[in-house]
Amino acid sequence: MDKPYPPVYYSDYLQLDTLLSSQKLKSAEAGHPAHDEMLFIVIHQAYELWFKQILHEMGSVLDMFEKETVDEKNIGTAVWRLQRVVEIQKILIDQLRVLETMTPLDFLDFRDYLFPASGFQSVQFRLVEILFGLRAEQRLLYNQFAYHTRVSPEHQALLKRTEERTSLFDVVERWLERTPFLDLPDFRFWQFYRDAVNAMLLGDRDVVRSNATLTDLEKQVQLEELDATEVRFAAVFEADKHEELIQSGKRRLSHTATQAALFISLYRDQPILHMPHRLLSTLVDIDELFTTWRYRHALMVHRMIGTKIGTGGSSGFHYLKSTAENHRVWTDLIDLSTYLIPRAALPALRPDVEAQLGFRYGS
Ligand code: HEM
């Protein structure tokens, strides 16, 4: 039987001629070839390929979630693809170890040839950050300049366009807001939950008051801490308190979406909530792994260049360490653990509510 397609040659399919002739050592061009510059280039190129794959996965999940109604079948596919991002991120973190086989002195053999290029100009890295949900106003200034001033005008335009489209954060927030169980008639879940929380806090206060090993001052401190917890809980129940937190920059996720995410976390044992819960956990995993990469990269940079400024002109280690703390996207989901109460204290779901807990969000 004739094959419908012409035979494919491995090297052509992968365009290896182009790929493998794309490592041009600046040190060699300058007449002082530095052995480790090859590793430096290959590592960066490998990163860029993985960034491309991450964008491919995130872009497809965005397409699924941008629709008015998210097809239930797509939730599993989205989780699967985001899990792939998680696995890639683990490789990205590990890859730094290969780069660290280059010593700081080896790096100095070619570092001067790189100015003012820097990983800071990686447009794909910025696209990943933006698609995931990092907001422009959240970014730390780099030498008093916005991050995109360091890339070419074409790249600036691309980044701007991407910032204007919706991110994974936006679409997941909207998906959460559309969860049907939040507005079922006569379903006073939040009142039940509030009662359960109050009972738990009352119990905690009794434990503190009757603890003979604590001094009066220690008791007072712990009771004040419980008062503060009660205030934090109030924001879960009252939309205006939550709005105040949003206005003061302490929260980002809307009140309705936060309640939905909390509900999913609390009742994740319900079979129908398994996938939504996996989705939320995977977003948290991705966020944490970005933070881990940022911090790990910062440590590597410290080791490589000490406290010198970067080739791109930033304060180097200190700038990078701060991005690890500030460039997080899903802290609202991570903070949800504050509001969890033990399974045993959870209000039982009414059977009809349980029956209606389909995840046809947006229907
Ligand atoms: C010897 C190895 C490396 C050194 C010394 C180094 C150093 C730095 C420094 C100092 C910065 C801050 C900007 C600047 O002033 O230049 C930076 C940013 C960055 N680097 Fe590296 N880097 C190295 C390897 C890598 C690798 C392998 C990647 C992978 C793509 C990478 C990606 C980035 C990214 C994405 C940023 C921007 C981070 C942000 O703004 O949040 N770097 N790097």
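Counting convention: from 1, in listed order, for ligands and their atoms alike. Given the structure is predicted, the values throughout are model-derived calculations rather than measurements.
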Parallel, tilted or perpendicular for H32 and Y113, by the 30°/60° rule?
parallel

Please confirm whether R252 makes a cation-pi placement over F169, using NZ or CZ under 6.0 Å from the six-membered ring centre and within 45° of the ring normal.
yes

Here atom 21 (Fe) of ligand 1 sees protein N, O or S atoms within less than 2.8 Å, and their number is 1

Going by the ring-ring contact (aromatic ring centres under 6.0 Å, His included) test, name the single residue among Y295, W330, F132 that passes it with F290.
F132

Charged N-O contact under 4.0 Å between E87 and R84
no

Check whether any N or O atom of E48, backbone or side chain, sits under 3.5 Å from an N or O atom of ligand 1, and answer yes or no.
no

Please name all residues satisfying ring-ring contact (aromatic ring centres under 6.0 Å, His included) with Y319, sequence neighbours left out, ordered by chain then number.
F120, Y142

Could you tell me which atoms of ligand 1, counted from 1 in the order shown, lie closer than 4.0 angstrom to a heavy atom of L99?
2 (C), 24 (C), 27 (C)

Would you call F115 a ligand 1 contact, heavy-atom distance under 4.0 Å?
no

Measuring from the heavy atoms of M300, does anything fall under 4.0 Å of ligand 1?
yes

Starting from L283, can I reach I334 by hopping between I/L/V/M/F/W/Y residues whose side chains sit under 4.5 Å apart?
yes

Heavy-atom nearest neighbour of atom 29 (C) of ligand 1 within options Y47, F317, W50, F125
Y47

L223 and F233: same hydrophobic cluster, using ILVMFWY side-chain contacts below 4.5 Å?
yes

Would you mind checking if E129 and R139 are paired as a salt bridge, meaning a charged N to carboxylate O distance below 4.0 Å?
yes

Could you identify the single nearest non-hydrogen protein atom to atom 40 (O) of ligand 1 and state the distance to 0.1 Å?
Y319 OH, 2.7 Å

Out of curiosity, does M275 fall in the hydrophobic cluster containing V86 (side-chain heavy atoms, cut-off under 4.5 Å, transitive links)?
yes

Suppose I only count heavy atoms of R126 and a 4.0 Å limit; which atoms of ligand 1 are within that range?
37 (C), 39 (C), 40 (O), 41 (O)

M102 near ligand 1 by a heavy-atom separation under 4.0 Å
yes

